[in-house]
Amino acid sequence: MVRADHHVHLERGPWTLDWLGRFVAQARAVGLTEIGFSEHPHRFRECRKMYPPRRAVEGWVDEQCTESLESYVRLVEDARRAGLPVKIGLEWDFLPGYEHELDRLLRTYPWDFAIGSVHWLPPADPDGVWWGFDNLSRAEEWERRDVLDAYRQYFRLISQAAATGFFDFVGHADVIKVCGYRPAADLSDLYAEAAAAFAKSGVCAEINTAGWRKPVGEVYPAPSFLQACRRAGVPTLINSDAHVPEDVGRDFDRAVAIARQAGYSDIATFTGRVRTMVPLE
Ligand SMILES: [Zn+2]
Ligand SMILES: [Zn+2]
């Protein structure tokens, strides 16, 4: 049996084998057989050029960009040599206009999987900065934006991200809802269009249980969006997006139930960027 969590962040800890081992111990405690680490590139100096320059992006990109990607890759390789069932990826940000640097970094390291996520919306005016909308401390920006426009913009970007062919799966496919701002409109057309784009480019859409732990209080993607993915033939997998050891594998039983309700009977795992389907259990 394979039961994996391919979306886990070490970044709040000290980047040591000891810290990493706590995530693996939790994975084992909740019955997982594999764990995949998926750091945010904005933490690594080598990835800084994937983001807009300082004047065009919120200041915290430069504050956060302090670690070494080489060290992260070595840490996970050391864990693997120590016999731990670990895989390595990144949760890549998709910002249109910065694909070249992303492409280069994808080719430079031995990734097991690549998550494509949209966390940034372009500036609302020419002198503005990119908005990291999933950063809860930037939620006041919602009061300045039209909610439906922001959703439309977000859904265009995830479809565009999928179409690049860079990614194995789309991260938290409707994370635009994270703060709980929702348009009054029916979203089924946006869901169907995104699902069709995912299917066309062969990417999976993860079920990400972190949504249950955020202000919105709903899994990503919303069950009706997941059903649209299923109808379009988009494979899925189940991930926690844990940032602390206790959240590894969290709420996977609930997520399995939602996957079954949507009609899934198998899920994806990844090794060396190759996808294998295993029974959903
Ligand atoms: Zn994310
Ligand atoms: Zn994440």
Side-chain angles (χ1 to χ4, degrees), residues 4-13 15 19-20 23 26-27 32 35-44 47 50-51 57-58 60-61 64-65 67 69 72 76 86-95 98 102 111-121 130-139 150-151 153-155 157-158 160-162 166-180 194 198 203-216 218-222 225 236-252 255 268 270:
D5 186 344
H6 284 84
H7 191 154
V8 174
H9 298 272
L10 294 165
E11 64 174 15
R12 290 192 194 155
W15 305 96
W19 175 241
L20 181 153
F23 289 80
Q26 179 68 12
L32 303 186
I35 180 167
F37 295 104
S38 58
E39 296 312 313
H40 294 293
H42 68 245
R43 297 307 309 274
F44 303 115
C47 304
M50 271 181 58
Y51 297 88
V57 74
E58 288 169 350
W60 70 268
V61 169
Q64 297 248 322
C65 195
E67 307 298 318
L69 186 61
Y72 165 55
V76 180
V86 296
K87 292 179 175 176
I88 186 161
L90 282 184
E91 182 185 4
W92 300 94
D93 281 298
F94 177 70
L95 295 92
Y98 295 83
L102 205 158
W111 309 115
D112 285 310
F113 60 94
I115 310 178
S117 289
V118 172
H119 301 110
W120 295 92
L121 292 186
W130 287 72
W131 173 35
F133 62 82
D134 76 320
N135 185 338
L136 300 182
S137 69
R138 301 293 190 273
Y151 270 62
Q153 208 175 8
Y154 170 83
F155 275 85
L157 286 175
I158 48 168
Q160 221 178 314
F166 288 151
F167 308 117
D168 298 307
F169 62 92
V170 175
H172 42 55
D174 60 355
V175 71
I176 188 71
K177 71 188 178 188
V178 60
C179 293
F198 299 168
V203 293
C204 306
E206 69 168 0
I207 298 172
N208 180 313
T209 66
W212 278 315
R213 311 191 294 276
K214 298 288 177 158
V216 69
E218 182 183 72
V219 67
Y220 312 118
F225 187 7
T236 196
L237 67 163
I238 296 173
N239 294 324
S240 70
D241 208 348
H243 286 66
V244 289
E246 308 83 270
D247 284 340
V248 172
R250 186 172 287 270
D251 292 321
F252 272 28
F270 297 91

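For ligands, and for the atoms within them, numbers begin at 1 and follow the listed sequence. Keep in mind that the numbers below use all heavy atoms, side chains included, and drop hydrogens, waters and symmetry copies.
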Original post:
Any luck finding a side-chain donor-acceptor pair between His7 and Glu206 under 3.5 Å?
Top reply: yes
Original post:
So which of Trp111, Trp120, Phe113, Tyr51 actually passes ring-ring contact (aromatic ring centres under 6.0 Å, His included) with Trp92?
Top reply: Trp111
Original post:
Just by distance, with hydrogens left out, do Asp5 and Ser240 show a side-chain donor and acceptor under 3.5 Å apart?
Top reply: yes
Original post:
Is the distance between the ring centroids of His119 and His40 under 6.0 Å?
Top reply: yes
Subject >> Lys177 versus Val219, closest heavy-atom pair with distance >> reply: NZ-O, 2.7 Å
Original post:
Roughly how far apart are Tyr72 OH and Glu67 CD, rounded to 0.5 Å?
Top reply: 12.5 Å
Subject >> Geometry at the Zn ion (ligand 2) - His7 NE2 versus His9 NE2 angle, rounded to 10 degrees >> reply: 100°
**OP:** Keeping waters out of it, list the protein N, O or S atoms under 2.8 Å from the Zn ion (ligand 1).
**Re:** Glu91 OE2, His119 NE2, His172 NE2
